[in-house]
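One structure is given below, encoded as structure tokens.
Being a predicted model, the structure only gives us computed values, none of them experimental. In what follows, every chain begins at residue 1, and chains take the letters A, B, ... in the order their sequences are listed.
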Amino acid sequence: MKIVTYNLNGIRARMPRLVEYLDERKPDVLCLQEIKCADESIPIEDVRGAGYEGHWHGQKGFNGVAVLTPAGRPAKLRRVRLPGADEEDLHSRYIEAEVGDVVVASLYLPNGNPVGTEKFGYKLAWLERLRLHALDLLAEERPVVLAGDWNVIPTDEDVFSPRAMAHDALMQPESRAAFRRILHQGWTDAIRARFPEGPVWTFWDYTAGCFQRDAGFRIDHLLLSPSAADRLLDAGVDKDYRGREKASDHAPTWVEIED
DNA sequence: ATGACATTTGCAAAATGA
């Protein structure tokens, strides 16, 4: 079972890449982020045409997440948005579904820049809400995959230049500590389990020729619960999609677990 | 410190991103 997370940066602008990906890689589950589109504007017929169906949690202009599965093997929707006191949070950043015996979440963490503003506070608060929900998910003692754009660079190994990014919200000590607090509940970072060291990038900025000089970082993560980690077969990044025409700034990042 | 570039909204230039 191949589970993929792909921050599209606009589903309408990215339809050729999305359909291509479904055709070529045929993922069992595709978690999308930043579809930047209200539910009623999603090009759903083109997704159907590629043989997929989805649960959508869109938003006009920005954010927006989804979980796609092949038609005829529908996922069962479990929830949209994170639980928590923050009922005024209208950002579409979380959706959770059940695919076979596996729970899969597609999440889009707040970026949090600039540091020192309410945006950074919102990021940390969101991570805390996610931490609490992740505990509940672990308590179910079943295979769970937390897949998405976490907007956290976990360590200095995960960025082309720690110095260049030193003041970015993605790698502040508070962001990293919050990520670790979740990880240390008992989750396995699938990419680091497969590639214990060295650079593995999932994002390359559009500016300054970052992709051409391979100046990227790792912010798209798939966290596996213990029983999902027991079934880990492989993981990777489909980097070639980042080099194609009209590419997203993120590359599809995936894990394969025993079916 | 700024902007490099990209997408969306709305139809110019601002908001958002990372």
- prompt: On a whole-Å scale, what distance lies between the P atoms belonging to dG3(B) and dA13(B)?
  reply: 16 Å
- prompt: Taking only residues two or more places apart in sequence or in another chain, which ones pass ring pair (Phe, Tyr, Trp, His ring centres under 6.0 Å) with His91(A)?
  reply: Phe62(A), Tyr122(A)
Ring-face cation of Arg81(A) near Tyr94(A) (centre distance under 6.0 Å, axis angle within 45°): no
- prompt: Can you tell me if the side-chain N/O atoms of Tyr108(A) get under 4.0 Å from OP1 or OP2 in dT16(B)?
  reply: no
- prompt: Touch check for Asn63(A), heavy atoms < 4.0 angstrom, all strands: base, sugar-phosphate only, or nothing?
  reply: nothing
- request: Mark up nucleotides 8-15 of chain B, 5' to 3', with B wherever a protein heavy atom is under 4.0 angstrom from a base atom, S wherever such an atom reaches only the sugar-phosphate, and - elsewhere.
  value: SSS-----
field: Interatomic distance, Arg242(A) CZ vs dA18(B) P [rounded to whole Å]
entry: 13 Å
- request: Quote, to the nearest angstrom, the C1' distance that separates dT2(B) from dA12(B).
  value: 22 Å
- request: For the pair Tyr241(A) and Tyr21(A), evaluate ring-ring contact (aromatic ring centres under 6.0 Å, His included) and give the outcome as yes or no after the intermediate values.
  value: CA-CA 8 Å; Tyr241(A) 285 82; Tyr21(A) 192 81; 5.0 Å; yes
message: Students often get this wrong, so: under 4.0 angstrom with heavy atoms, is Asn151(A) touching a base, only sugar-phosphate, or nothing?
response: sugar-phosphate
- prompt: Asn7(A) CG to dG17(B) P: how many Å, rounded?
  reply: 11 Å
query: Are the side chain of Asp158(A) and the backbone of Phe217(A) linked by a donor-acceptor contact shorter than 3.5 Å?
result: no
query: In terms of side-chain geometry, is the basic nitrogen of Arg244(A) or Glu24(A) positioned less than 4.0 Å from the acidic oxygen of its partner?
result: yes
- prompt: Any link between Leu130(A) and Val103(A) through a network of hydrophobic side chains (Ile, Leu, Val, Met, Phe, Trp, Tyr) touching at under 4.5 Å?
  reply: yes
message: If I take atom CG in residue Asn111(A) and atom P in nucleotide dA18(B), what distance separates them, rounded to the nearest angstrom?
response: 5 Å
task: Take atom CE of Met15(A) and atom C1' of dT7(B), then tell me their distance rounded to the nearest Å.
output: 16 Å
task: Measure the distance from CD1 on Ile42(A) to C1' on dT7(B) and round it to the nearest whole Å.
output: 16 Å
message: I want to verify a distance call: between dG17(B), dA4(B), dA18(B), whose nearest atom is closest to the Leu170(A) side chain?
response: dA18(B)
message: Using a heavy-atom cut-off of 4.0 Å across all strands, would you classify Phe211(A) as base, sugar-phosphate, or nothing?
response: nothing
- prompt: Arg176(A): what forms a side-chain hydrogen bond (donor to acceptor under 3.5 Å, both in side chains) with it, not counting sequence neighbours?
  reply: Asp156(A)
field: Arg218(A)/Asp189(A) salt bridge by N-O under 4.0 Å criterion
entry: yes
query: Expressed in whole Å, how much space separates the P atoms belonging to dA18(B) and dT8(B)?
result: 14 Å
task: Please figure out whether Phe203(A) or Ala247(A) has its closest DNA chain B nucleotide nearer the 5' end.
output: Ala247(A)
- prompt: So what does Arg213(A) hit on the nucleic acid, given a heavy-atom distance under 4.0 Å: a base, only sugar-phosphate, or nothing?
  reply: nothing
field: Nearest-angstrom distance from the residue atom CG of Asn113(A) to P of dA1(B)
entry: 13 Å
- request: With heavy atoms under 4.0 Å as the rule, sort Lys246(A) into base, sugar-phosphate or nothing.
  value: sugar-phosphate
field: Rounded C1' spacing from dG10(B) to dA15(B) in Å
entry: 13 Å
query: Taking atom P of dA6(B) as reference, at what distance in whole Å does atom CH2 of Trp204(A) sit?
result: 16 Å
- prompt: Rounded to the Å, how far apart are Arg218(A) CZ and dA18(B) C1'?
  reply: 16 Å
